[in-house]
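Let me begin by presenting the structure, written as structure tokens, before commenting on it.
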Amino acid sequence: NAAFTATGGGTVSATQNNTSIVNTLTTTTATALNVANTTIGASGLTFRSITSNGSGSANGIILNTTGATGGLTVTGNGGPCTSAGTCTGGTISNKTGADGTGNGIGIYANSTSNVSITRMKLNDFSNYAVRGTTVTGFTMNNCFIDGVNGDNAATDEGTIIFDGLTGTSSFFSDTIKGGFEDNFRIRNSSGTANNITIDSCTIRDTSTGVSGNDNLI
């Protein structure tokens with residue numbers, strides 16, 4: 001079963017102070033967080049960790065048409081996220097499905113704003129680890145993405161793929177690997193990206209086959 005679903009309209013918020021109150025979401029093959037056609041309130045959605053770790057067709061996190069008021073924050077805690085399993089922001093992995101945005105994606109973000117992901121591990125998706133369209137402001141800190149992400153070069157599948165990333169965004173101390181075609185691509189046909197900062201990240205190892213393409217484009 002899905003861990004948290006808000007798809008009926010209206011406004012939703014979930015807050016924590018990271019000390020006495022800690023919000024976490026955990027499921028296996030289902031979607032851990034699904035907010036669609038529902039506004040995220042000004043206080044936002046804040047979770048210590050989000051985990052969806054098991055082979056299945058559901059996307060791990062869905063943010064679809066959530067407005068411009070608030071956004072999703074995953075905080076994690078402690079030190080940096082590495083392949084050794086110290087990713088306190090949670091793990092999303094092994095999502096499968098037909099080409100498109102309906103499944104097989106770790107984090108799917110469409111028409112959403114102010115997304116902040118910290119200390120999460122993502123790996124092994126048949127489509128994308130992160131797929132964003134028309135996103136305003138996206139932050140990823142101390143995250144570790146590896147495995148094999150994507151299986152079809154014709155649909156430009158890869159690790160982190162944005163078509164429309166505007167506003168201010170940053171990627172700090174992330175490891176980004178495993179793209180079937182590209183590892184990290186931002187493509188804007190309209191709007192303004194005020195500032196996109198990539199700092200202290202490791203971006204490497206696209207597919208070793210003929211589909212392997214760019215690390216950063």
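Here, residue 1 is the first one in the sequence, and each next residue gets the next number.
Side-chain contact between Thr112 and Val135 is present, with heavy atoms from C-beta onward closer than 4.5 Å. In this structure, the side chains of Leu72 and Phe47 come closer than 4.5 Å at one or more pairs of heavy atoms. Counting only heavy atoms from C-beta outward, the side chains of Glu157 and Asp151 approach each other to under 4.5 Å. In this structure the side chain of Asp156 reaches within 4.5 angstrom of the side chain of Arg187, judged on heavy atoms. At least one side-chain heavy atom of Asn110 sits less than 4.5 Å from a side-chain heavy atom of Thr65. With contacts defined as side-chain heavy-atom distances shorter than 4.5 Å, the pair Asn188/Phe162 does not qualify. Counting heavy atoms from C-beta on, the side chains of Asn103 and Asn59 come closer than 4.5 Å. Considering only heavy atoms from C-beta on, Ile145 comes within 4.5 Å of Met140 through its side chain.
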One pair to check against side-chain contact (heavy atoms from CB on, under 4.5 Å): Phe4 and Ile50. What are the steps and the verdict? CA-CA 10 Å; Phe4 186 111; Ile50 299 178; over 6 Å; no

Step by step, work out the side-chain contact (heavy atoms from CB on, under 4.5 Å) result for Lys177 and Asn149. CA-CA 8 Å; Lys177 302 167 60 177; Asn149 305 306; over 6 Å; no

Mind running side chain to side chain donor-acceptor pair (under 3.5 Å) on Ser43 and Ser13 for me, showing each step along the way? CA-CA 6 Å; Ser43 55; Ser13 301; 3.3 Å; yes

Apply side-chain contact (heavy atoms from CB on, under 4.5 Å) to Arg131 and Asp163, showing your working. CA-CA 8 Å; Arg131 180 69 169 112; Asp163 286 298; 2.9 Å; yes

Dump the intermediate steps for side-chain contact (heavy atoms from CB on, under 4.5 Å) on Ile92 and Met120, then the final yes or no. CA-CA 8 Å; Ile92 300 177; Met120 290 193 73; 3.7 Å; yes

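A distance-only check finds a donor-acceptor pair linking the side chain of Thr38 to the backbone of Gly9 [under 3.5 Å]. Side chain of Asp174 to main chain of Ile176: no donor-acceptor pair is present (N/O by atom type, distance under 3.5 Å, no hydrogens or angles). Although no hydrogens or angles enter the test, the distance criterion places a donor-acceptor pair under 3.5 Å between the side chain of Thr88 and the main chain of Asn77. Judged by distance alone, the side chain of Asn194 and the main-chain N or O of Thr168 form no donor-acceptor pair under 3.5 Å. With hydrogens and angles disregarded, no donor-acceptor distance shorter than 3.5 Å links the side chain of Asn53 to the backbone of Thr28. With hydrogens and angles ignored, the 3.5 Å screen pairs a side-chain donor or acceptor of Ser126 with a backbone N or O of Gly97. Judged purely by atom type and a 3.5 angstrom limit, Lys95 uses its side chain to pair as donor or acceptor with the backbone of Gly54. Side-chain atoms of Asp182 do not come within 3.5 Å of backbone N or O of Asn213 as any donor-acceptor pair. At distances below 3.5 Å, at least one donor-acceptor pair connects side-chain atoms of Ser211 with backbone N or O atoms of Phe180. With hydrogens and angles disregarded, no donor-acceptor distance shorter than 3.5 Å links the side chain of Thr136 to the backbone of Thr166.
Cysteines Cys87 and Cys143: SG-SG separation is not under 2.5 Å.
Under a hydrophobic clustering in which Ile, Leu, Val, Met, Phe, Trp and Tyr are joined whenever their side-chain heavy atoms come within less than 4.5 Å, directly or via other members, Val115 and Phe172 fall into different clusters. By the rule that hydrophobic residues join a cluster once side-chain heavy atoms approach within less than 4.5 Å of another member, Ile186 and Ile107 end up as members of one cluster. Leu45 and Ile62 sit in two unconnected hydrophobic clusters of ILVMFWY residues. Membership requires side-chain heavy atoms under 4.5 Å apart, directly or through other members. Tyr128 and Leu165 are members of different hydrophobic clusters when ILVMFWY side chains are connected at heavy-atom separations under 4.5 Å. Cluster membership check: Ile161 does not share its hydrophobic cluster with Ile117, using side-chain heavy-atom separations under 4.5 Å among Ile, Leu, Val, Met, Phe, Trp and Tyr.
Between the CD1 atom of Ile217 and the CD1 atom of Ile203 there is a distance of 12.5 Å, given to the nearest 0.5 Å. For the atom pair CG of Leu25 and CG of Asn23, the computed distance is 7.5 Å after rounding to the nearest 0.5 Å. Atom CG in Asn1 sits 11.0 Å away from atom OG1 in Thr31 (nearest 0.5 Å). A distance of 8.5 Å separates SG in Cys81 from CG in Leu122, rounded to the nearest 0.5 Å. Taking CG of Asn114 as the start and OG1 of Thr69 as the end, the distance is 9.0 Å to the nearest 0.5 Å. The distance from the CD1 atom of Ile196 to the OG atom of Ser169 is 5.5 Å, given to the nearest 0.5 Å.
Between the side chains of Asn142 and Thr118, not a single donor N or O lies within less than 3.5 Å of an accepting N or O.
Across every non-hydrogen atom of Ile105 and Thr101, the tightest pair is CD1-CA, 3.6 Å. Looking at every heavy atom in both residues, Ala30 comes nearest to Ala2 through CB-N, 3.6 Å. Nearest heavy-atom pair, Ala3 versus Ala32, reported as atom, atom and distance to 0.1 Å: CB-O, 3.2 Å. Residues Arg48 and Gln16 come closest through the heavy atom pair N-OE1, 3.1 Å.
For CG of Asn195, the number of neighbouring non-hydrogen atoms (other residues, nucleotides, ligands) closer than 6.0 Å is greater than 12.
Each of Thr91, Asp146, Thr175 was checked for a side chain to side chain donor-acceptor pair (under 3.5 Å) with Lys121, and the lone residue meeting it is Asp146.
Note on ring orientation: taking the six-membered ring where Trp is involved, the planes of Phe138 and Phe171 are parallel (angle under 30°, cut-offs 30° and 60°).
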